[in-house]
**Student:** 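Sharing a structure below in C-alpha coordinates format, with a few things to ask.
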Amino acid sequence: MLYPQTNRCRTVIDLSGFWEIRIDAESSGEDKQWQNGFSADAVIGVPGSWNEQLSELGLMNYVGKVWFQKRFSVPNAFNHSQVMLRFGSADFHARVWLNGAFIGENIGGYLPFEFEINRHLLWDQENLLIVCIDNTLTHGTIPQGVTCEDYQSFQLQRHQTYPPTVFDFFAYGGIHRPVKLTALHRCHLENIFIETHIQGTDGRIEFRADFSECSESLRVDVALWAENDVIARVQHKLKGSIHEGRFDIPHGQFWSPDHPYLYRLQFELYQDDRLIDEYRLPVGVREIELKERQMLLNGEPVFLKGFGKHEDFAVLGKGLSHPLIAKDFQLLKWIGANSFRTSHYPYAEEVLQMADRMGYLIIVEVPAVSLNLRFVSETTLQNHKRAIDRVIERDRNHPSVIAWSLGNEPGIWGEAESNSTTADQYWAEVFAFAKQLDQTRPFTLPTFPKWQDRDLVYKYCDFLSINRYWGWYEIPGEIDKAGEMLREELKQLFETYHKPILVSEFGADAIEGLHATYAQLFTEEYQTALIEKYFSVIESLPFTIGEHIWNFADFRTAQHFRRVVLNRKGVFNRQREPKSAAFAVREHWKKVK
Ligand code: GCB
(Lines give C-alpha, C1' and ligand atoms only; values in the text may rest on other atoms or scores of the structure.)
Protein backbone atom coordinates (compact mmCIF):
# COMPACT_ATOMS: atom_id res chain seq x y z
CA MET A 1 0.00 0.00 0.00
CA LEU A 2 1.62 3.22 -1.15
CA TYR A 3 1.86 6.32 1.02
CA PRO A 4 -0.67 8.92 -0.21
CA GLN A 5 0.79 11.47 -2.59
CA THR A 6 -0.71 14.42 -4.43
CA ASN A 7 0.62 14.80 -7.96
CA ARG A 8 -0.63 15.37 -11.52
CA CYS A 9 -2.90 12.32 -11.31
CA ARG A 10 -3.63 11.86 -7.62
CA THR A 11 -5.37 14.21 -5.19
CA VAL A 12 -5.17 13.73 -1.45
CA ILE A 13 -7.54 15.29 1.07
CA ASP A 14 -6.55 15.09 4.72
CA LEU A 15 -9.49 14.58 7.08
CA SER A 16 -7.42 15.47 10.15
CA GLY A 17 -9.02 18.07 12.38
CA PHE A 18 -11.95 18.05 14.76
CA TRP A 19 -14.11 14.95 14.85
CA GLU A 20 -16.96 14.07 17.22
CA ILE A 21 -17.02 11.15 19.61
CA ARG A 22 -19.38 9.14 21.74
CA ILE A 23 -18.19 6.80 24.48
CA ASP A 24 -19.71 3.32 24.32
CA ALA A 25 -18.86 1.85 27.73
CA GLU A 26 -21.70 -0.69 27.44
CA SER A 27 -20.72 -1.75 23.97
CA SER A 28 -24.25 -1.19 22.72
CA GLY A 29 -23.59 1.45 20.04
CA GLU A 30 -24.17 -0.86 17.11
CA ASP A 31 -27.50 -2.07 18.51
CA LYS A 32 -28.45 1.57 18.95
CA GLN A 33 -27.56 2.21 15.28
CA TRP A 34 -24.77 4.68 15.99
CA GLN A 35 -23.29 3.58 12.67
CA ASN A 36 -25.95 5.84 11.13
CA GLY A 37 -24.86 8.82 13.25
CA PHE A 38 -25.06 9.75 16.92
CA SER A 39 -25.36 12.76 19.18
CA ALA A 40 -21.85 13.49 20.37
CA ASP A 41 -20.34 13.60 23.87
CA ALA A 42 -17.42 15.78 22.79
CA VAL A 43 -15.11 16.97 20.06
CA ILE A 44 -11.75 15.27 19.63
CA GLY A 45 -8.62 16.27 17.72
CA VAL A 46 -7.56 13.71 15.10
CA PRO A 47 -4.89 12.40 14.95
CA GLY A 48 -4.47 11.97 18.69
CA SER A 49 -5.13 9.53 21.52
CA TRP A 50 -8.32 10.05 23.49
CA ASN A 51 -6.67 9.46 26.89
CA GLU A 52 -4.93 12.66 28.02
CA GLN A 53 -6.81 14.77 25.48
CA LEU A 54 -10.21 13.94 26.98
CA SER A 55 -9.28 12.75 30.47
CA GLU A 56 -11.99 15.00 31.96
CA LEU A 57 -14.58 12.75 30.31
CA GLY A 58 -13.16 9.74 32.14
CA LEU A 59 -11.11 8.57 29.16
CA MET A 60 -7.64 8.59 30.75
CA ASN A 61 -7.63 4.88 31.59
CA TYR A 62 -10.55 3.88 29.42
CA VAL A 63 -10.44 0.51 27.69
CA GLY A 64 -13.33 -0.21 25.37
CA LYS A 65 -15.24 1.32 22.49
CA VAL A 66 -15.37 4.93 21.40
CA TRP A 67 -17.32 6.02 18.30
CA PHE A 68 -15.95 8.72 16.02
CA GLN A 69 -17.82 10.66 13.36
CA LYS A 70 -16.78 13.13 10.70
CA ARG A 71 -18.73 14.87 7.94
CA PHE A 72 -17.00 15.69 4.68
CA SER A 73 -17.74 16.57 1.07
CA VAL A 74 -15.82 15.61 -2.03
CA PRO A 75 -15.00 17.86 -4.97
CA ASN A 76 -16.76 17.26 -8.30
CA ALA A 77 -13.39 16.49 -9.81
CA PHE A 78 -13.37 13.20 -7.86
CA ASN A 79 -16.38 12.01 -9.84
CA HIS A 80 -14.51 9.92 -12.40
CA SER A 81 -11.87 8.64 -10.02
CA GLN A 82 -11.43 5.73 -7.69
CA VAL A 83 -11.59 7.11 -4.16
CA MET A 84 -9.66 5.46 -1.37
CA LEU A 85 -10.10 6.13 2.35
CA ARG A 86 -6.91 5.46 4.28
CA PHE A 87 -6.14 5.46 7.98
CA GLY A 88 -2.45 5.81 8.92
CA SER A 89 -3.35 3.81 12.04
CA ALA A 90 -6.13 3.43 14.60
CA ASP A 91 -5.62 1.73 17.91
CA PHE A 92 -6.68 -1.07 18.15
CA HIS A 93 -9.71 -2.50 16.37
CA ALA A 94 -11.50 -0.16 13.97
CA ARG A 95 -14.85 -0.76 12.26
CA VAL A 96 -15.81 1.74 9.60
CA TRP A 97 -19.15 2.86 8.10
CA LEU A 98 -19.81 5.42 5.39
CA ASN A 99 -23.31 6.88 5.07
CA GLY A 100 -24.65 3.94 7.08
CA ALA A 101 -22.96 1.21 5.00
CA PHE A 102 -20.31 -0.97 6.62
CA ILE A 103 -17.14 -0.64 4.56
CA GLY A 104 -14.69 -2.74 6.53
CA GLU A 105 -12.56 -3.18 9.60
CA ASN A 106 -8.95 -3.42 10.71
CA ILE A 107 -7.32 -5.15 13.64
CA GLY A 108 -3.91 -3.91 14.79
CA GLY A 109 -2.95 -0.51 16.11
CA TYR A 110 0.14 0.59 14.22
CA LEU A 111 -0.31 0.04 10.53
CA PRO A 112 -2.25 1.71 7.72
CA PHE A 113 -5.43 0.30 6.23
CA GLU A 114 -7.62 1.50 3.39
CA PHE A 115 -10.91 0.95 1.63
CA GLU A 116 -12.29 1.85 -1.73
CA ILE A 117 -15.40 3.92 -1.01
CA ASN A 118 -16.91 4.86 -4.39
CA ARG A 119 -20.05 2.76 -4.01
CA HIS A 120 -21.04 4.52 -0.83
CA LEU A 121 -19.94 8.09 -1.55
CA LEU A 122 -22.50 10.85 -1.90
CA TRP A 123 -21.38 13.31 -4.56
CA ASP A 124 -23.88 16.10 -4.12
CA GLN A 125 -24.18 16.24 -0.34
CA GLU A 126 -22.18 15.70 2.84
CA ASN A 127 -20.90 12.24 3.69
CA LEU A 128 -20.98 10.80 7.18
CA LEU A 129 -17.98 8.73 8.17
CA ILE A 130 -18.32 6.66 11.35
CA VAL A 131 -15.55 4.72 13.02
CA CYS A 132 -15.92 2.57 16.11
CA ILE A 133 -12.60 2.03 17.85
CA ASP A 134 -12.03 -0.55 20.53
CA ASN A 135 -8.65 -0.57 22.31
CA THR A 136 -9.22 -3.89 24.08
CA LEU A 137 -6.36 -6.37 23.68
CA THR A 138 -6.67 -10.13 24.14
CA HIS A 139 -4.38 -13.16 24.27
CA GLY A 140 -4.80 -13.52 20.52
CA THR A 141 -3.90 -9.95 19.55
CA ILE A 142 -0.45 -8.58 18.72
CA PRO A 143 0.48 -7.15 21.17
CA GLN A 144 -1.27 -9.44 23.62
CA GLY A 145 -3.63 -8.19 26.28
CA VAL A 146 -3.73 -9.22 29.89
CA THR A 147 -6.34 -9.28 32.64
CA CYS A 148 -6.20 -8.97 36.43
CA GLU A 149 -7.01 -12.72 36.58
CA ASP A 150 -3.94 -13.43 34.46
CA TYR A 151 -1.72 -11.63 36.95
CA GLN A 152 -3.28 -13.67 39.73
CA SER A 153 -2.89 -16.99 37.93
CA PHE A 154 0.81 -16.20 37.66
CA GLN A 155 0.85 -15.08 41.29
CA LEU A 156 2.12 -11.76 40.09
CA GLN A 157 -0.35 -9.51 41.90
CA ARG A 158 2.40 -6.99 42.59
CA HIS A 159 2.97 -6.70 38.85
CA GLN A 160 -0.58 -5.64 38.19
CA THR A 161 -0.92 -2.32 36.42
CA TYR A 162 -3.88 -0.09 35.75
CA PRO A 163 -5.10 -0.41 33.10
CA PRO A 164 -3.74 -3.98 32.95
CA THR A 165 -0.99 -4.33 30.37
CA VAL A 166 1.73 -6.82 29.71
CA PHE A 167 4.08 -4.13 28.42
CA ASP A 168 5.68 -1.02 29.89
CA PHE A 169 4.06 1.72 27.81
CA PHE A 170 0.63 3.23 27.82
CA ALA A 171 -2.08 1.43 25.83
CA TYR A 172 -3.56 4.57 24.28
CA GLY A 173 -6.70 4.45 22.16
CA GLY A 174 -7.78 6.52 19.19
CA ILE A 175 -7.07 7.46 15.61
CA HIS A 176 -3.34 7.99 15.88
CA ARG A 177 -2.29 8.87 12.37
CA PRO A 178 -3.91 10.95 9.61
CA VAL A 179 -7.04 9.84 7.77
CA LYS A 180 -6.80 10.62 4.07
CA LEU A 181 -8.91 10.41 0.95
CA THR A 182 -7.08 9.80 -2.30
CA ALA A 183 -8.70 10.16 -5.72
CA LEU A 184 -6.87 8.36 -8.48
CA HIS A 185 -7.45 6.65 -11.82
CA ARG A 186 -8.97 3.16 -11.66
CA CYS A 187 -5.83 1.83 -13.38
CA HIS A 188 -3.06 2.77 -11.05
CA LEU A 189 0.08 1.71 -9.31
CA GLU A 190 -0.78 -0.25 -6.22
CA ASN A 191 2.63 -1.03 -4.83
CA ILE A 192 6.34 -0.76 -5.50
CA PHE A 193 9.12 -2.98 -4.18
CA ILE A 194 12.72 -1.84 -4.30
CA GLU A 195 15.99 -3.68 -3.75
CA THR A 196 19.35 -1.98 -4.05
CA HIS A 197 22.81 -3.45 -4.53
CA ILE A 198 26.35 -2.16 -4.70
CA GLN A 199 29.29 -3.56 -6.65
CA GLY A 200 32.46 -1.58 -6.22
CA THR A 201 31.57 1.96 -7.25
CA ASP A 202 28.44 0.91 -9.15
CA GLY A 203 24.93 0.83 -7.77
CA ARG A 204 21.86 -1.09 -8.91
CA ILE A 205 18.18 -0.48 -8.24
CA GLU A 206 15.83 -3.37 -8.91
CA PHE A 207 12.15 -2.58 -8.82
CA ARG A 208 8.83 -4.29 -9.12
CA ALA A 209 5.66 -2.30 -9.65
CA ASP A 210 2.23 -3.84 -9.06
CA PHE A 211 -0.74 -2.34 -10.85
CA SER A 212 -4.46 -2.62 -10.23
CA GLU A 213 -6.28 -4.77 -12.77
CA CYS A 214 -6.42 -2.77 -16.01
CA SER A 215 -7.86 -4.19 -19.19
CA GLU A 216 -6.56 -1.55 -21.62
CA SER A 217 -3.12 -1.76 -23.11
CA LEU A 218 -0.94 0.59 -21.12
CA ARG A 219 2.60 1.90 -21.17
CA VAL A 220 4.83 2.33 -18.14
CA ASP A 221 7.64 4.86 -18.07
CA VAL A 222 10.10 4.69 -15.21
CA ALA A 223 12.60 7.50 -14.82
CA LEU A 224 15.53 7.67 -12.45
CA TRP A 225 16.18 11.15 -11.14
CA ALA A 226 19.30 12.48 -9.50
CA GLU A 227 18.74 16.01 -8.17
CA ASN A 228 16.93 17.81 -11.01
CA ASP A 229 17.95 15.53 -13.86
CA VAL A 230 16.65 12.31 -15.31
CA ILE A 231 19.71 10.07 -15.54
CA ALA A 232 18.03 6.99 -17.00
CA ARG A 233 14.64 6.02 -18.30
CA VAL A 234 12.90 2.80 -19.34
CA GLN A 235 9.63 2.39 -21.21
CA HIS A 236 7.55 -0.75 -21.52
CA LYS A 237 4.18 -2.00 -22.60
CA LEU A 238 2.45 -3.25 -19.49
CA LYS A 239 1.70 -6.97 -19.73
CA GLY A 240 -0.40 -8.19 -16.83
CA SER A 241 -0.37 -6.36 -13.55
CA ILE A 242 3.31 -6.64 -12.61
CA HIS A 243 6.20 -4.77 -14.10
CA GLU A 244 9.82 -5.45 -13.18
CA GLY A 245 12.98 -3.65 -14.13
CA ARG A 246 16.32 -2.34 -13.00
CA PHE A 247 18.66 0.58 -13.26
CA ASP A 248 22.43 0.23 -13.22
CA ILE A 249 24.16 3.32 -11.89
CA PRO A 250 27.85 3.52 -12.74
CA HIS A 251 29.75 5.51 -10.09
CA GLY A 252 26.63 5.74 -7.96
CA GLN A 253 26.03 7.83 -4.89
CA PHE A 254 25.36 5.61 -1.91
CA TRP A 255 23.08 6.31 1.03
CA SER A 256 24.64 6.43 4.51
CA PRO A 257 24.28 8.47 7.74
CA ASP A 258 27.08 10.79 6.55
CA HIS A 259 25.64 11.10 3.06
CA PRO A 260 21.91 10.29 3.01
CA TYR A 261 21.70 10.60 -0.74
CA LEU A 262 18.30 9.91 -2.27
CA TYR A 263 17.62 9.22 -5.92
CA ARG A 264 14.03 9.39 -7.07
CA LEU A 265 12.14 6.84 -9.11
CA GLN A 266 9.29 8.32 -11.05
CA PHE A 267 6.65 5.94 -12.39
CA GLU A 268 4.27 7.14 -15.08
CA LEU A 269 1.39 5.16 -16.51
CA TYR A 270 0.07 6.07 -19.96
CA GLN A 271 -3.11 5.07 -21.74
CA ASP A 272 -2.39 5.79 -25.40
CA ASP A 273 -0.48 8.99 -24.84
CA ARG A 274 -2.48 10.21 -21.89
CA LEU A 275 -0.86 10.19 -18.46
CA ILE A 276 -3.29 8.42 -16.09
CA ASP A 277 -1.18 7.77 -12.99
CA GLU A 278 2.17 8.65 -11.52
CA TYR A 279 4.12 8.08 -8.32
CA ARG A 280 7.47 9.36 -7.04
CA LEU A 281 9.51 7.27 -4.67
CA PRO A 282 12.76 8.36 -2.99
CA VAL A 283 15.37 5.59 -3.20
CA GLY A 284 18.60 5.30 -1.25
CA VAL A 285 21.13 2.86 -2.69
CA ARG A 286 22.77 0.98 0.14
CA GLU A 287 23.62 -2.52 1.31
CA ILE A 288 23.58 -4.05 4.78
CA GLU A 289 25.63 -7.10 5.63
CA LEU A 290 26.49 -8.97 8.80
CA LYS A 291 29.80 -10.60 9.62
CA GLU A 292 30.48 -12.69 12.71
CA ARG A 293 31.53 -9.59 14.66
CA GLN A 294 30.36 -6.65 12.61
CA MET A 295 27.56 -4.93 10.81
CA LEU A 296 28.61 -3.50 7.46
CA LEU A 297 26.93 -0.64 5.66
CA ASN A 298 28.09 -0.36 2.06
CA GLY A 299 31.00 -2.61 2.96
CA GLU A 300 32.19 -0.46 5.89
CA PRO A 301 31.74 -1.39 9.57
CA VAL A 302 29.05 0.62 11.31
CA PHE A 303 28.48 0.99 15.05
CA LEU A 304 24.91 1.78 16.11
CA LYS A 305 24.71 4.69 18.57
CA GLY A 306 21.21 5.47 19.64
CA PHE A 307 18.11 4.63 21.58
CA GLY A 308 14.96 2.72 22.04
CA LYS A 309 12.17 5.27 21.60
CA HIS A 310 8.42 5.58 21.93
CA GLU A 311 5.69 7.47 20.15
CA ASP A 312 4.48 9.37 23.20
CA PHE A 313 3.90 13.00 24.11
CA ALA A 314 1.76 15.01 26.52
CA VAL A 315 -1.87 15.42 25.41
CA LEU A 316 -1.19 13.87 21.97
CA GLY A 317 -0.49 10.42 23.39
CA LYS A 318 0.47 8.50 20.27
CA GLY A 319 -1.03 11.06 17.89
CA LEU A 320 1.21 11.99 14.98
CA SER A 321 2.81 15.41 15.24
CA HIS A 322 5.15 16.65 12.50
CA PRO A 323 6.84 19.19 14.83
CA LEU A 324 7.53 16.45 17.39
CA ILE A 325 9.09 14.21 14.74
CA ALA A 326 11.26 17.10 13.53
CA LYS A 327 12.27 17.93 17.12
CA ASP A 328 13.23 14.35 17.93
CA PHE A 329 15.45 14.12 14.86
CA GLN A 330 17.13 17.41 15.79
CA LEU A 331 17.83 16.04 19.25
CA LEU A 332 19.14 12.79 17.82
CA LYS A 333 21.55 14.82 15.67
CA TRP A 334 22.50 17.07 18.58
CA ILE A 335 23.35 14.13 20.79
CA GLY A 336 25.34 12.33 18.09
CA ALA A 337 23.08 9.30 17.60
CA ASN A 338 22.97 7.52 14.25
CA SER A 339 20.29 4.95 14.97
CA PHE A 340 17.17 3.89 16.89
CA ARG A 341 14.72 1.03 17.26
CA THR A 342 11.00 1.63 16.80
CA SER A 343 10.34 -0.04 20.14
CA HIS A 344 7.84 -1.65 20.50
CA TYR A 345 5.78 -1.23 17.32
CA PRO A 346 6.09 0.21 13.82
CA TYR A 347 6.18 4.01 13.94
CA ALA A 348 4.41 6.38 11.58
CA GLU A 349 5.57 6.31 7.95
CA GLU A 350 6.49 10.00 8.35
CA VAL A 351 9.18 8.99 10.90
CA LEU A 352 10.85 6.73 8.35
CA GLN A 353 10.61 9.39 5.65
CA MET A 354 12.53 11.71 7.98
CA ALA A 355 15.06 8.98 8.80
CA ASP A 356 15.68 8.47 5.06
CA ARG A 357 16.33 12.18 4.59
CA MET A 358 18.46 12.64 7.68
CA GLY A 359 20.45 9.43 7.41
CA TYR A 360 19.32 7.38 10.41
CA LEU A 361 19.68 3.61 10.76
CA ILE A 362 16.42 2.16 11.99
CA ILE A 363 15.47 -1.22 13.40
CA VAL A 364 11.75 -1.55 12.80
CA GLU A 365 9.91 -3.61 15.39
CA VAL A 366 6.80 -5.74 14.92
CA PRO A 367 4.37 -5.05 17.82
CA ALA A 368 4.79 -8.50 19.44
CA VAL A 369 5.96 -7.14 22.76
CA SER A 370 6.17 -9.34 25.88
CA LEU A 371 4.57 -12.33 24.18
CA ASN A 372 3.40 -14.76 26.84
CA LEU A 373 3.95 -18.22 25.40
CA ARG A 374 1.43 -19.81 27.77
CA PHE A 375 -1.32 -17.71 26.21
CA VAL A 376 -0.22 -18.09 22.61
CA SER A 377 -2.73 -19.76 20.29
CA GLU A 378 -3.01 -20.40 16.57
CA THR A 379 -4.77 -17.00 16.37
CA THR A 380 -1.80 -15.28 18.01
CA LEU A 381 0.60 -16.95 15.59
CA GLN A 382 -1.48 -15.96 12.56
CA ASN A 383 -1.81 -12.38 13.81
CA HIS A 384 1.93 -12.25 14.47
CA LYS A 385 2.69 -13.41 10.92
CA ARG A 386 0.16 -10.99 9.49
CA ALA A 387 1.78 -8.12 11.41
CA ILE A 388 5.22 -9.12 10.08
CA ASP A 389 3.91 -9.30 6.54
CA ARG A 390 2.27 -5.88 6.78
CA VAL A 391 5.24 -4.18 8.45
CA ILE A 392 7.71 -5.47 5.88
CA GLU A 393 5.38 -4.61 3.02
CA ARG A 394 4.96 -1.06 4.36
CA ASP A 395 8.58 -0.27 5.23
CA ARG A 396 10.83 -2.26 2.92
CA ASN A 397 11.54 0.59 0.49
CA HIS A 398 13.14 2.81 3.14
CA PRO A 399 16.93 2.90 3.01
CA SER A 400 16.90 3.88 6.69
CA VAL A 401 15.44 0.50 7.66
CA ILE A 402 18.46 -1.72 8.25
CA ALA A 403 16.94 -4.58 10.24
CA TRP A 404 13.67 -6.09 11.44
CA SER A 405 12.86 -6.91 15.03
CA LEU A 406 10.16 -9.57 15.32
CA GLY A 407 9.09 -8.68 18.85
CA ASN A 408 10.50 -7.76 22.24
CA GLU A 409 11.19 -9.80 25.35
CA PRO A 410 8.97 -12.84 24.95
CA GLY A 411 8.52 -14.82 28.17
CA ILE A 412 8.72 -11.74 30.38
CA TRP A 413 6.69 -13.56 33.06
CA GLY A 414 9.17 -16.40 33.16
CA GLU A 415 6.52 -18.90 32.09
CA ALA A 416 8.04 -22.33 31.46
CA GLU A 417 6.26 -22.43 28.09
CA SER A 418 8.64 -19.79 26.75
CA ASN A 419 11.46 -22.35 26.98
CA SER A 420 9.56 -25.31 25.54
CA THR A 421 9.43 -27.25 22.28
CA THR A 422 6.19 -25.49 21.44
CA ALA A 423 7.91 -22.12 21.81
CA ASP A 424 10.77 -23.36 19.65
CA GLN A 425 8.30 -24.34 16.93
CA TYR A 426 6.58 -20.99 17.28
CA TRP A 427 9.83 -19.08 16.70
CA ALA A 428 10.98 -21.41 13.94
CA GLU A 429 7.76 -20.67 12.09
CA VAL A 430 7.81 -16.92 12.75
CA PHE A 431 11.43 -16.46 11.64
CA ALA A 432 11.08 -18.71 8.57
CA PHE A 433 8.00 -16.78 7.52
CA ALA A 434 9.73 -13.41 7.99
CA LYS A 435 12.96 -14.39 6.27
CA GLN A 436 11.27 -15.37 3.03
CA LEU A 437 9.74 -11.88 2.87
CA ASP A 438 13.05 -9.99 2.90
CA GLN A 439 16.43 -11.46 2.12
CA THR A 440 18.24 -8.13 2.17
CA ARG A 441 18.09 -7.28 5.87
CA PRO A 442 18.97 -9.09 9.08
CA PHE A 443 16.38 -10.17 11.66
CA THR A 444 16.63 -9.92 15.42
CA LEU A 445 14.46 -10.08 18.54
CA PRO A 446 15.52 -8.22 21.68
CA THR A 447 15.42 -10.34 24.83
CA PHE A 448 16.38 -10.00 28.43
CA PRO A 449 18.53 -12.97 29.41
CA LYS A 450 15.97 -14.69 31.64
CA TRP A 451 17.14 -18.00 30.20
CA GLN A 452 20.80 -16.89 30.15
CA ASP A 453 22.32 -18.06 26.91
CA ARG A 454 19.53 -20.60 26.31
CA ASP A 455 16.88 -18.24 25.03
CA LEU A 456 15.21 -20.00 22.12
CA VAL A 457 15.18 -17.02 19.78
CA TYR A 458 18.97 -16.62 19.69
CA LYS A 459 19.53 -19.38 17.19
CA TYR A 460 17.08 -17.78 14.76
CA CYS A 461 18.39 -14.21 15.11
CA ASP A 462 20.99 -12.93 12.64
CA PHE A 463 22.36 -10.71 15.39
CA LEU A 464 21.54 -10.81 19.09
CA SER A 465 19.80 -7.88 20.75
CA ILE A 466 20.18 -7.84 24.51
CA ASN A 467 18.13 -5.70 26.90
CA ARG A 468 20.09 -5.49 30.14
CA TYR A 469 19.47 -3.71 33.44
CA TRP A 470 22.38 -4.67 35.70
CA GLY A 471 22.72 -1.78 38.10
CA TRP A 472 19.00 -1.05 38.03
CA TYR A 473 16.55 -3.95 38.39
CA GLU A 474 19.41 -6.23 39.38
CA ILE A 475 22.23 -5.25 41.75
CA PRO A 476 20.86 -1.69 42.03
CA GLY A 477 23.41 0.90 43.16
CA GLU A 478 26.46 -1.18 42.17
CA ILE A 479 27.76 0.35 39.01
CA ASP A 480 31.17 -1.35 38.83
CA LYS A 481 29.70 -4.75 39.49
CA ALA A 482 27.02 -4.05 36.86
CA GLY A 483 29.80 -3.51 34.33
CA GLU A 484 31.48 -6.79 35.24
CA MET A 485 28.23 -8.75 35.01
CA LEU A 486 27.50 -7.25 31.62
CA ARG A 487 30.97 -8.05 30.30
CA GLU A 488 30.77 -11.69 31.39
CA GLU A 489 27.30 -12.14 30.02
CA LEU A 490 28.06 -10.66 26.60
CA LYS A 491 31.24 -12.74 26.28
CA GLN A 492 29.31 -15.88 27.16
CA LEU A 493 26.64 -15.11 24.58
CA PHE A 494 29.19 -14.49 21.87
CA GLU A 495 31.10 -17.68 22.69
CA THR A 496 27.87 -19.65 22.40
CA TYR A 497 26.41 -18.12 19.25
CA HIS A 498 29.22 -16.40 17.35
CA LYS A 499 26.86 -13.68 16.27
CA PRO A 500 27.33 -9.93 16.62
CA ILE A 501 25.54 -8.34 19.58
CA LEU A 502 23.61 -5.11 19.92
CA VAL A 503 22.98 -4.02 23.50
CA SER A 504 19.48 -2.89 22.65
CA GLU A 505 18.41 -1.56 26.07
CA PHE A 506 20.22 -0.35 29.17
CA GLY A 507 19.72 2.61 31.42
CA ALA A 508 18.32 4.00 34.64
CA ASP A 509 15.36 6.14 35.65
CA ALA A 510 16.35 9.70 36.51
CA ILE A 511 14.09 12.44 37.80
CA GLU A 512 15.51 15.76 36.69
CA GLY A 513 16.59 17.83 39.68
CA LEU A 514 17.49 14.85 41.88
CA HIS A 515 21.22 14.84 42.71
CA ALA A 516 23.67 12.97 44.94
CA THR A 517 27.44 12.75 45.46
CA TYR A 518 27.09 8.95 45.89
CA ALA A 519 25.52 6.24 43.76
CA GLN A 520 21.81 6.84 44.30
CA LEU A 521 19.07 5.48 42.04
CA PHE A 522 16.86 8.08 40.36
CA THR A 523 19.48 10.85 40.46
CA GLU A 524 20.81 12.42 37.28
CA GLU A 525 24.35 11.43 38.31
CA TYR A 526 23.43 7.76 38.68
CA GLN A 527 21.83 7.61 35.26
CA THR A 528 24.90 9.24 33.72
CA ALA A 529 27.40 7.00 35.51
CA LEU A 530 25.54 3.80 34.65
CA ILE A 531 25.25 4.72 30.97
CA GLU A 532 28.98 5.59 30.87
CA LYS A 533 29.85 2.26 32.48
CA TYR A 534 27.83 0.37 29.86
CA PHE A 535 29.51 2.39 27.09
CA SER A 536 32.96 1.43 28.39
CA VAL A 537 32.11 -2.28 28.47
CA ILE A 538 30.21 -2.46 25.17
CA GLU A 539 32.83 -0.51 23.24
CA SER A 540 35.68 -2.65 24.59
CA LEU A 541 34.22 -5.88 23.17
CA PRO A 542 35.04 -6.59 19.52
CA PHE A 543 31.77 -8.36 18.68
CA THR A 544 29.33 -5.62 19.69
CA ILE A 545 27.63 -3.69 16.89
CA GLY A 546 25.97 -1.00 18.90
CA GLU A 547 24.58 0.59 22.03
CA HIS A 548 20.95 1.68 22.29
CA ILE A 549 20.16 3.50 25.51
CA TRP A 550 16.74 2.97 27.03
CA ASN A 551 15.18 5.50 26.48
CA PHE A 552 15.38 8.57 24.30
CA ALA A 553 12.69 10.43 26.31
CA ASP A 554 10.49 9.78 29.34
CA PHE A 555 7.16 8.20 28.40
CA ARG A 556 3.83 7.39 30.00
CA THR A 557 3.14 3.88 31.28
CA ALA A 558 0.14 2.22 32.88
CA GLN A 559 -0.10 2.95 36.62
CA HIS A 560 2.22 0.98 38.87
CA PHE A 561 4.17 1.75 42.03
CA ARG A 562 7.42 1.32 40.06
CA ARG A 563 6.60 4.30 37.84
CA VAL A 564 6.14 7.94 38.88
CA VAL A 565 3.55 8.56 36.15
CA LEU A 566 6.24 8.06 33.51
CA ASN A 567 9.04 5.64 32.82
CA ARG A 568 11.90 8.06 33.56
CA LYS A 569 14.73 6.35 31.72
CA GLY A 570 14.80 9.06 29.05
CA VAL A 571 17.97 11.09 28.67
CA PHE A 572 15.45 13.78 27.67
CA ASN A 573 12.35 14.34 29.73
CA ARG A 574 8.93 14.02 28.15
CA GLN A 575 9.03 17.69 27.00
CA ARG A 576 12.36 16.91 25.26
CA GLU A 577 14.53 18.89 27.71
CA PRO A 578 17.95 17.31 28.35
CA LYS A 579 18.88 15.69 31.64
CA SER A 580 22.58 15.68 32.69
CA ALA A 581 23.04 12.31 30.98
CA ALA A 582 22.20 13.85 27.61
CA PHE A 583 25.25 16.15 27.80
CA ALA A 584 27.53 13.29 28.85
CA VAL A 585 26.26 11.05 26.05
CA ARG A 586 26.77 13.87 23.55
CA GLU A 587 30.37 14.38 24.64
CA HIS A 588 31.01 10.65 24.50
CA TRP A 589 29.43 9.93 21.11
CA LYS A 590 31.47 12.72 19.51
CA LYS A 591 34.44 10.42 20.08
CA VAL A 592 32.85 7.15 18.92
CA LYS A 593 32.97 6.38 15.22
C1 GCB B 1 12.49 -3.50 29.18
C2 GCB B 1 11.43 -3.34 28.15
C3 GCB B 1 10.94 -1.90 28.03
C4 GCB B 1 10.80 -1.29 29.43
C5 GCB B 1 12.17 -1.30 30.10
C6 GCB B 1 12.11 -0.75 31.54
O7 GCB B 1 13.22 -4.46 29.20
O8 GCB B 1 11.81 -3.80 26.88
O9 GCB B 1 9.71 -1.90 27.37
O10 GCB B 1 10.28 -0.01 29.40
O11 GCB B 1 12.64 -2.61 30.18
O12 GCB B 1 12.36 0.44 31.73
O13 GCB B 1 11.78 -1.51 32.43
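Here, residue 1 is the first one in the sequence, and each next residue gets the next number. Only this structure's heavy atoms are used, side chains among them; waters, hydrogens and symmetry mates stay out. Whatever order the structure lists ligands and atoms in, that order sets their numbers, starting from 1.
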**Student:** Hey, are D509 and R562 close enough for a salt bridge, meaning a charged N less than 4.0 Å from a carboxylate O?
**Tutor:** no
**Student:** Would you find a donor on one side and an acceptor on the other, under 3.5 Å apart, between the side chain of E415 and the backbone of L373?
**Tutor:** yes
**Student:** Select all protein residues for which some heavy-atom-to-ligand 1 distance is less than 4.0 Å, and list them by chain and number.
**Tutor:** D168, H344, N408, E409, N467, Y469, Y473, E505, W550, F555, R563, N567, K569
**Student:** Check this for me: R357, atom CZ, are more than 12 non-hydrogen atoms of other residues, nucleotides or ligands nearer than 6.0 Å?
**Tutor:** no
**Student:** Sequence neighbours excluded, which residues qualify as ring-ring contact (aromatic ring centres under 6.0 Å, His included) partners of Y469?
**Tutor:** Y473
**Student:** Under 6.0 Å between ring centres: does that hold for Y497 and F543?
**Tutor:** no
**Student:** Does one side chain, of Y151 or T161, offer a donor that lies under 3.5 Å from an acceptor on the other?
**Tutor:** yes
